[in-house]
2 protein chains.
Amino acid sequence: MSLQDAHNISLQCGACPIRHRAVCARCETDELALLEEIKYYRSFEAGQTVTWAGDKMDFVASVVSGIATLTQTMEDGRTQMVGLLLPSDFVGRPGRETAAYNVIATTDLLMCCFRKRPFEEMMVRTPHVAQRLLEMTLDELDAAREWMLLLGRKTAREKIASLVAIIARRDASLKLRSPQGRMVFDLPLTREAMADYLGLTLETVSRQISALKRDGVIELQGKRHVTIPDFDLLLTEAGDDNDGGYLI
Amino acid sequence: MSLQDAHNISLQCGACPIRHRAVCARCETDELALLEEIKYYRSFEAGQTVTWAGDKMDFVASVVSGIATLTQTMEDGRTQMVGLLLPSDFVGRPGRETAAYNVIATTDLLMCCFRKRPFEEMMVRTPHVAQRLLEMTLDELDAAREWMLLLGRKTAREKIASLVAIIARRDASLKLRSPQGRMVFDLPLTREAMADYLGLTLETVSRQISALKRDGVIELQGKRHVTIPDFDLLLTEAGDDNDGGYLI
DNA sequence: GCCTGCTTTTGATTTGGGTCAAGGTTCTGT
DNA sequence: ACAGAACCTTGACCCAAATCAAAAGCAGGC
């Protein structure tokens with residue numbers, strides 16, 4: 001199944017821009033009509049900036065294809081990625097005027113956008129959508145807090161294993177499988193992007209990937225294509241005690 | 001003004017358990033009555049656990065007095081604090097069955113609780129409350145992501161300066177002041193708790209506090225009582241480029 | 001083919017913060 | 001007032017990851 005299909009599934013009922021993990025039985029016809037009305041598409045090239053932190057952002061959106069990152073920066077250039085947007089992910093802050101982070105397309109990116117004002121109006125009128133949005137935000141908060149544990153307490157090797165596990169899990173969910181046993185997928189990030197996500201340098205990322213390869217935890221074909229022979233082994237390396245459903 | 005007073009202000013309209021930074025013009029009389037009905041108080045002793053991650057949690061709550069922490073742990077005992085609850089802060093996950101983190105009282109703690117079921121019912125009926133809850137969750141998400149930058153990219157000295165600045169800011173807001181110039185307050189955390197929050201060891205925390213004291217960035221009376229001679233200097237040490245309204 | 005400009009890997013060296021250890025302070029209960 | 005227990009500070013040493021440096025892989029354009 002393609003990423004485009006995954007997006008279609010996530011927008012299942014055709015009405016709600018919000019990701020649905022299960023079938024959505026909530027949306028009503030007029031909501032559908034309203035959303036279709038305010039919907040439009042925007043595409044970005046790899047490397048292009050979607051928004052800068054502090055800029056006005058007059059839309060919310062759902063990623064259709066491609067990958068974008070949310071990053072924080074300090075004046076001296078140190079950067080920390082705080083979120084990764086994959087197809088079917090939602091981005092935007094209903095009720096907020098401005099963007100809080102830099103949003104940057106790391107591949108060619110297609111987004112399904114909704115103008116914010118009418119979207120917010122719809123939210124007020126349809127509590128189920130607002131509730132779903134709250135759930136999604138709570139999910140993101142859980143993910144962010146799990147990531148805080150990684151950034152604060154995990155070793156470089158554990159960080160890499162965690163990231164690979166998260167991407168594997170995410171990839172499996174796009175394929176409607178549960179993550180287990182042998183898994184094959186592509187890393188959607190450069191070494192530098194991984195470093196920004198994990199609070200490491202790209203050299204350390206490269207070294208630890210080599211080490212995990214040497215130790216048989218992962219296999220690499222080329223630089224991006226990964227095979228995981230044993231997902232449980234990877235989880236052990238990641239130091240995860242829970243099933244970590246939250247992240248990304 | 002006492003902490004109790006701060007709580008009263010945060011619950012200003014007397015109806016909504018949700019923290020209001022400005023005057024709340026939203027709540028209607030029946031919501032008030034409903035909330036009063038489902039409201040009860042719980043107190044915990046210092047060190048007592050409010051909930052463990054994964055446990056059933058059938059209430060949401062607002063901190064009246066005292067301090068609690070949200071922590072994540074790994075099996076081997078490494079812990080990372082992911083949130084700090086001060087008076088007027090809200091805790092709980094409407095729509096979720098279980099707690100996601102360990103919530104531990106670090107001082108004697110009084111919480112104003114609401115049974116979750118009726119609270120959720122009210123949320124569905126009153127979109128303003130749901131919207132306010134979404135705003136709060138977005139605030140928490142912003143804070144978590146700002147914290148990710150700290151954990152991933154800041155030096156030990158910057159981390160300490162950031163934490164002190166955040167506590168100063170928070171203390172000022174309880175006193176209805178804006179943080180600036182000379183400030184005096186108490187650190188509500190032990191060195192160990194600070195270490196857990198910052199992803200450091202308690203020895204490093206102690207050393208860096210000593211260093212900031214030696215360099216005149218902070219002054220200490222005893223172990224807890226802090227004077228900041230120049231708030232802007234502290235912010236510079238923290239490496240903050242924004243005004244950091246989010247954190248805690 | 002063969003430049004040119006990435007991205008990635010690997011090596012050598014340095015360093016910030018962790019670890020281990022020993023005292024010092026402050027608080028609490030008797 | 002005193003004992004014991006937390007909590008905090010400081011020192012010595014070590015190590016994981018950063019930094020500095022160089023070379024290798026790889027992709028696109030001519």
Side-chain angles (χ1 to χ4, degrees), chain A residues 45-47 67 74 76-80 106-108 150-164 186-215 218-226 237 239, chain B residues 45-47 67 69 74 76-80 104 106-108 150-164 186-215 218-226 237 239:
Chain A
E45 289 172 25
I67 290 160
M74 295 172 70
D76 62 8
R78 280 177 279 178
T79 76
Q80 174 66 49
T106 56
T107 64
D108 287 349
L150 176 144
L151 290 171
R153 296 299 183 195
K154 288 192 178 180
T155 65
R157 170 183 262 246
E158 288 170 336
K159 285 179 175 181
I160 298 286
S162 298
L163 180 58
V164 173
D186 284 338
L187 294 174
L189 299 172
T190 64
R191 301 288 184 265
E192 190 184 16
M194 290 188 225
D196 281 345
Y197 208 176
L198 299 170
L200 298 170
T201 60
L202 66 93
E203 293 96 327
T204 300
V205 170
S206 180
R207 266 185 256 274
Q208 295 300 334
I209 287 180
S210 299
L212 288 174
K213 194 167 68 173
R214 178 169 29 73
D215 299 345
I218 61 176
E219 292 159 21
L220 269 182
Q221 291 80 43
K223 291 162 196 305
R224 296 295 189 86
H225 195 70
V226 178
E237 290 288 348
Chain B
E45 288 172 26
I67 291 160
T69 61
M74 296 172 69
D76 62 7
R78 281 178 280 179
T79 76
Q80 174 66 50
I104 299 165
T106 56
T107 65
D108 287 350
L150 176 144
L151 290 171
R153 295 299 183 194
K154 288 192 177 179
T155 64
R157 171 184 263 246
E158 288 170 336
K159 286 179 175 182
I160 298 287
S162 298
L163 180 59
V164 173
D186 284 337
L187 295 175
L189 299 173
T190 65
R191 300 288 185 265
E192 189 184 18
M194 291 188 224
D196 281 345
Y197 208 175
L198 299 170
L200 298 170
T201 60
L202 67 92
E203 292 95 329
T204 299
V205 169
S206 181
R207 265 186 260 275
Q208 294 299 334
I209 287 179
S210 298
L212 288 173
K213 194 167 69 172
R214 177 168 32 70
D215 299 345
I218 62 175
E219 292 159 21
L220 269 181
Q221 291 79 43
K223 290 160 198 305
R224 297 294 190 86
H225 195 70
V226 179
E237 290 288 347

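Residue numbering restarts at 1 for every chain, and letters A, B, ... go by the order of the sequence lines.
The distance between atom CD of B/Gln221 and atom C1' of C/dT26, rounded to the nearest whole Å, is 16 Å. Atom-to-atom, CG of B/Leu202 to C1' of D/dG11 comes out at 15 Å; the value is rounded to the nearest Å. Atom pair A/Glu158:CD and D/dA16:P shows a separation of 12 Å (rounding to whole Å applied). When rounded to the nearest whole Å, the span between CD1 of B/Ile160 and P of C/dG16 equals 16 Å. Between the CG atom of A/Leu220 and the C1' atom of C/dT8 there is a distance of 11 Å, rounded to whole Å. Rounding to whole angstrom units, NZ of residue A/Lys223 and P of D/dG25 are separated by 9 Å. Taking atom CG of residue B/Asp76 and atom C1' of nucleotide C/dT19, one finds them 15 Å apart after rounding to whole Å. D/dC7 atom P lies 12 Å from atom CZ of B/Arg191, rounded to whole Å.
Taking 4.5 Å as the limit, some side-chain heavy atom of B/Arg78 sits within range of a side-chain heavy atom of A/Thr155. Between A/Ile160 and A/Lys154, the closest side-chain pair of non-hydrogen atoms is not below 4.5 Å. With contacts defined as side-chain heavy-atom distances shorter than 4.5 Å, the pair B/Gln208/B/Leu200 does not qualify.
Residue A/Thr204 places none of its side-chain N or O atoms closer than 4.0 Å to OP1 or OP2 of D/dA17. Listed pair B/Thr190 / D/dC7 fails the phosphate criterion, with no side-chain N or O lying under 4.0 Å from OP1 or OP2. Side-chain nitrogen and oxygen atoms of A/Ser210 include at least one within less than 4.0 Å of the OP1 or OP2 phosphate oxygen of C/dT10. Taking side-chain N and O atoms only, B/Arg207 has no distance below 4.0 Å to OP1 or OP2 of D/dT9. Within the 4.0 Å cut-off from OP1 or OP2 of C/dG18, at least one side-chain nitrogen or oxygen of B/Thr201 is found.
Between the side chain of B/Glu203 and the base of D/dC8, no donor-acceptor pair under 3.5 Å is found. Below the 3.5 angstrom threshold, one finds no donor paired with an acceptor across the side chain of B/Glu192 and the base of D/dC7.
The nearest heavy atom of DNA chain C to A/Val205 and to A/Arg153 marks one nucleotide each, and the one closer to the 5' end goes with A/Val205. The 5' end of DNA chain D is approached more closely, in terms of each residue's nearest nucleotide, by B/Gly222 than by the other of B/Gly222 and A/Lys154.
Heavy atoms of B/Gly47 sit nowhere under 4.0 angstrom from any nucleic acid atom. Across all strands shown, A/Ile209 has no heavy atoms under 4.0 Å from either base or sugar-phosphate atoms. At the heavy-atom level, B/Arg224 lies under 4.0 Å from the strands shown only through sugar-phosphate atoms.
The nucleotide whose nearest atom lies closest to any side-chain atom of B/Leu200 is, among C/dT9, D/dA17, C/dG18, C/dG18.
Looking only at distances, no side-chain donor or acceptor of B/Glu219 sits under 3.5 Å from a matching main-chain atom of B/Lys213. Side-chain atoms of B/Asp108 come within 3.5 Å of backbone N or O of B/Ala46 as a donor-acceptor pair.
Tested against B/Ile209, the residues B/Val164, B/Leu220, B/Leu163 include a single side-chain contact (heavy atoms from CB on, under 4.5 Å) partner, B/Leu220.
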